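So that the names make sense, note that chain A is the first sequence line, chain B the second, and so on, each numbered from 1. None of the values given here were measured: they were computed from a predicted structure.
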Amino acid sequence: MAKSEQSDLTAFLLSTYWVQMLSKGARERALADSYDRIYDVKDVVAREGEPASSWIGVVDGLLKVSSVTASGKSIMFTAIPKGSWVGEGSVIKREPRRYDITALRTTRAIHLPRPTFMWLLETSVEFSRYIIDHLNERAGQFIAMLEVARIADPAGRVAGALCNLFNPVLYPKARPLVNISQEELGELAGFSRATTNAAIAKLRKLDLVRTEYGGILVLDVDRLRAFVQSVGMEDHLPEKK
DNA sequence: GCATTAACACGTA
DNA sequence: TACGTGTTAATGC
């Protein structure tokens, strides 16, 4: 972990939607109180069970939100790409973190300390509204994920996991090239690497994605979404014999 | 049947 | 050298 240039941090915050929504005074306090850290691959940003002392935003890089089961298996809930924020739930509830947040690659993350976060929540209607939208979107995403997990085949579930990274509210700065390995994508969808690889091969044949070393290029997010839906719909069609 | 594990060859940073 | 990809045979639920 290391400290970094203050000017970059300010520029990033000023390009962030919720910062732009703030009044001048609130914005000045938010900028003054936040600090950033650089994490190497596998560095821990926040640990499950620890007090939630800040709200976390990604300036650059990729974070992994996950938990470890009793049997030692890692369950990945979501990835947090640049421009996205995570961890407000535990900050608001004053509860210990419910999951680990670790760096999937070198990542610069901003921390907005809890007191500043709570002050913004209590004094700024704009900020409160932003947080409500954020929580709402997150809830919707997890419900959709559960639905896809129940009805879709591996290709559908992998496609669904990919689509989640393109939610415009949660991930406003997402780009079509997702720099995530197939192993990590498998962890997101809940599959082994072999199954994930076969699922990706299917998506590639359908011209929905292209693959490259350490990344996957989404050719058309809308078509990918439509594919996730269509896999689900098969259950509602008449039986083919 | 479908998914996982473990292994192998091969390519890339 | 360490990591990621693509594939397969054996194994398990």
Colleague: Base, sugar-phosphate or nothing for A:Ser181? Non-hydrogen atoms, less than 4.0 Å.
Modeller: sugar-phosphate

Colleague: Would you compute the distance between atom CZ of A:Arg157 and atom OG1 of A:Thr195 and round it to the nearest 0.5 angstrom?
Modeller: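 The OG1 atom of A:Thr195 is 9.5 Å from CZ of A:Arg157, to the nearest 0.5 Å.
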
Colleague: Compare all side-chain heavy atoms of A:Leu121 with those of A:Glu88 and state whether any distance is below 4.5 angstrom.
Modeller: no

Colleague: Tell me the interatomic distance from A:Glu183, atom CD, to B:dA6, atom P, rounded to whole angstroms.
Modeller: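 Whole-Å distance recorded here is 13 Å.
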
Colleague: Of all the heavy-atom pairs spanning A:Ala159 and A:Phe227, show the shortest one and how long it is.
Modeller: CB-CD2, 3.9 Å

Colleague: Tell me: CZ of A:Arg157 to C1' of B:dT4, nearest whole Å?
Modeller: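 Rounded to whole Å, this separation is 13 Å.
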
Colleague: Nearest-Å distance, CG (A:Asp40) to P (C:dA2)?
Modeller: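 So the CG-P distance, A:Asp40 to C:dA2, works out to 17 Å.
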
Colleague: In whole Å, what is the span from the CD atom of A:Gln182 to the P atom of B:dT12?
Modeller: 14 Å

Colleague: For C:dG6 and A:Asn197 - does any side-chain N or O of the residue sit under 4.0 Å from the phosphate oxygens OP1/OP2?
Modeller: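 For A:Asn197, the contact criterion (side-chain N or O under 4.0 Å from OP1 or OP2 of C:dG6) is met.
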
Colleague: Both A:Lys42 and A:Ala198 contact DNA chain C. Taking the nearest nucleotide for each, which residue is further toward the 5' end?
Modeller: A:Lys42

Colleague: Do A:Trp85 and A:Thr16 come within less than 4.5 Å of each other through their side chains, counting heavy atoms only?
Modeller: yes

Colleague: How is A:Glu212 classified with respect to the nucleic acid when contacts are heavy atoms under 4.0 Å: base, sugar-phosphate, or nothing?
Modeller: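 The residue A:Glu212 makes sugar-phosphate contact but no base contact.
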
Colleague: What is the distance, rounded to the nearest whole Å, between atom CG of A:Leu203 and atom C1' of C:dG6?
Modeller: 15 Å

Colleague: Is there a donor in the side chain of A:Arg98 and an acceptor in the side chain of A:Ser90, or the other way round, less than 3.5 Å apart?
Modeller: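 Result is no, nothing qualifies.
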
Colleague: Can you measure A:Asp153 atom CG to B:dG1 atom P for me and round it to whole angstrom units?
Modeller: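 One finds 17 Å between P of B:dG1 and CG of A:Asp153, rounded.
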
Colleague: Counting just side-chain N and O atoms, does A:Thr195 come under 4.0 Å of either OP1 or OP2 of B:dT4?
Modeller: yes

Colleague: With a 4.0 Å limit, can you tell me whether A:Arg193 has a side-chain N or O closer than that to the phosphate oxygens OP1/OP2 of B:dT5?
Modeller: no

Colleague: To the nearest Å, give me how far apart NZ (A:Lys202) and P (C:dG6) are.
Modeller: 17 Å

Colleague: Within the structure, does a side-chain N or O atom of A:Thr211 lie under 4.0 Å from either OP1 or OP2 of C:dG6?
Modeller: yes

Colleague: A:Tyr213 side chain: which of C:dT7, B:dA3, C:dC3 is closest?
Modeller: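 Selected nucleotide: C:dC3.
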
Colleague: Tell me: CZ of A:Arg210 to P of C:dT5, nearest whole Å?
Modeller: 17 Å

